[in-house]
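Predicted model only: the values in this text are computed from it and were never measured.
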Amino acid sequence: MYKTWRYNGLSMLLNIRNLWLNIALGLFMFALLVFSIGIGTKYIPPDQVLFALFGEGKTLDVFVVQGLRIPRAIIAIVSGGALGLAGLLLQSVTKNSLASPSVFGVVEGAALGAIIFLAYFTDNHLIVDVPIYLLPIATSIGSLLALTTVLLLARFHPGNMLMMILYGIAIATLGKALTTLFMMSNSVYRAVEVSLWLTGDLATVNVDEMWIQLTVFAFLFCILLGFSRILDVLVLNDDAVVSMGVNLKVAQYSSIILAALLTACAVSFAGGIGFVGLVAPHLARMIVGQSIRSLIFATLFIGAAIVLVADVFARTFMPILFNNNMEIPTGVFTAVIGAPYFFYLIYQGSKVKK
């Protein structure tokens, strides 16, 4: 069911069903947020979490919620949402259901930028000697350099997205090799810490990192919303896109660059969390269909929810089963969720080809 919304000469066609579905997904994500903030070595009931969010209730609860758990939960939300949106952009542009940030070497490029930053601008205890806001810049430079290399190589095969994906896989492999090389050139302590970061680890995030990531993501998300009309067109075949007056190459490259920046934003502080960019857009399509505007919000909420749930398991799995305070990197649980789904997509693709 569609309804036209008008305000001061502006009009927008709204899908009422998808609007309510997105509201439901948003409320579900908020409920997960409250639940995840309350879970930990000190359990805080949901009602007390809500009080603590506004600085009310017990002093200890306020400190734990605002000082320790909110930054971790918000970074989980932003990282999951950004990775999901990056995957949505890449799948729309390439028209390939298996496309994700890792396919184009974007995650590995961002990770390499972060590793170089950590190697040259931190001491033996991973204390940053320069302002922490430079880390997203480092990851952005790494991801854009990886992407630029892929695009330059793809120019030898104009319009062939398959070759672009193959070049991306090659660049991703090279990025992993260089990352390993930098890790081996530093102390064992740093190599262990960086290995956790590469897997995806939210244990050490803080309030400053939360505000930096939120600011960057808000800026990129506004750009994505303004770009959504063109994304609706890009899902059509190339001839149809050109016939509608859209510069195909500019639209494709702009989408891929935006995906690279979203990925860099996601991994800057959360690390190399995998598979969210693959799974979230697929789950969103199952719920709201193919409309890009509806998919943007649904993918954001689902990607955020996946990382929030994974982070809860990361914080509670070892203490519950083995009665210790160790944490498993969040990326381990997103991989547990995403890897079987990846194999399922490959299986479904093989059945279609037959």
Side-chain angles (χ1 to χ4, degrees), residues 2-7 9-15 17-19 21-22 81-101 103-104 106 140 143-144 146-148 150-152 154-155 157-165 168 216-266 276-278 280-285 287-303:
Y2 290 89
K3 185 176 181 180
T4 302
W5 175 81
R6 292 185 175 86
Y7 178 76
L10 299 175
S11 64
M12 181 182 298
L13 189 63
L14 296 176
N15 186 317
R17 173 183 173 274
N18 285 350
L19 177 62
L21 285 172
N22 274 309
L83 285 171
L85 293 173
L88 175 63
L89 281 166
L90 294 176
Q91 289 173 17
S92 300
V93 170
T94 62
K95 303 177 181 65
N96 188 325
S97 61
L98 297 179
S100 68
V103 169
F104 288 101
V106 180
S140 297
S143 62
L144 288 173
L147 185 59
T148 300
V150 173
L151 296 179
L152 289 175
R155 292 183 64 183
H157 310 274
N160 191 331
M161 281 294 174
L162 176 60
M163 290 304 300
M164 186 180 292
I165 290 175
V216 174
F217 177 74
F219 174 72
L220 294 175
F221 187 70
C222 290
I223 294 175
L224 177 59
L225 289 179
F227 198 62
S228 61
R229 187 181 298 272
I230 294 178
L231 288 176
D232 261 329
V233 176
L234 285 181
V235 297
L236 305 174
N237 64 66
D238 293 350
D239 292 335
V241 174
V242 173
S243 68
M244 297 178 71
V246 175
N247 189 318
L248 180 61
K249 289 189 179 299
V250 170
Q252 287 177 335
Y253 290 159
S254 298
S255 299
I256 293 173
I257 290 172
L258 183 55
L261 294 175
L262 283 166
T263 303
C265 172
V276 179
L278 174 71
H282 282 277
L283 295 179
R285 289 189 187 94
I287 296 173
V288 300
Q290 298 294 331
S291 172
I292 288 294
R293 291 179 183 84
S294 297
L295 276 173
I296 286 174
F297 288 96
T299 302
L300 168 65
F301 295 141
I302 292 173

Derivation of the side chain to side chain contact (heavy atoms under 4.5 Å, CB included) call for L224 and L89
CA-CA 9 Å; L224 177 59; L89 281 166; 3.8 Å; yes
Apply the test side chain to side chain contact (heavy atoms under 4.5 Å, CB included) to residues R285 and L88: give CA-CA distance (whole Å), side-chain angles for both, the deciding distance (0.1 Å), then the verdict.
CA-CA 10 Å; R285 289 189 187 94; L88 175 63; 3.7 Å; yes
Please walk me through it: do I287 and I302 pass side chain to side chain contact (heavy atoms under 4.5 Å, CB included)?
CA-CA 10 Å; I287 296 173; I302 292 173; 3.8 Å; yes
Is there a side chain to side chain contact (heavy atoms under 4.5 Å, CB included) between L83 and T263? Walk through the geometry before answering.
CA-CA 6 Å; L83 285 171; T263 303; 4.2 Å; yes
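Contact record, S92 with I292: OG-CD1, 3.9 Å, taken as the closest heavy-atom pair. Of all non-hydrogen atoms in G277 and P101, the two that sit nearest each other are CA-CD, 4.0 Å. The shortest heavy-atom contact between L231 and S255 is CD2-OG, 3.6 Å. Closest heavy-atom contact between I296 and L85: O-CD2, 3.3 Å. Between V150 and G168 the shortest heavy-atom distance is CG2-CA, 3.8 Å. Here the closest non-hydrogen pair linking A298 and N22 is N-OD1, 3.0 Å.
Applying the side-chain hydrogen bond (donor to acceptor under 3.5 Å, both in side chains) rule to S294 yields the partners N18; only residues at least two apart in sequence or on another chain are considered. Taking the ring-ring contact (aromatic ring centres under 6.0 Å, His included) definition, one finds that F221 meets it with F217, F297, sequence neighbours left out. Taking the side-chain contact (heavy atoms from CB on, under 4.5 Å) definition, one finds that S140 meets it with L261, A264, sequence neighbours left out.
Judged purely by atom type and a 3.5 angstrom limit, S254 has no side-chain atom pairing as donor or acceptor with the backbone of A251.
Here S143 contributes atom OG and L262 contributes atom CG; the two are 10.0 Å apart, rounded to the nearest 0.5 Å.
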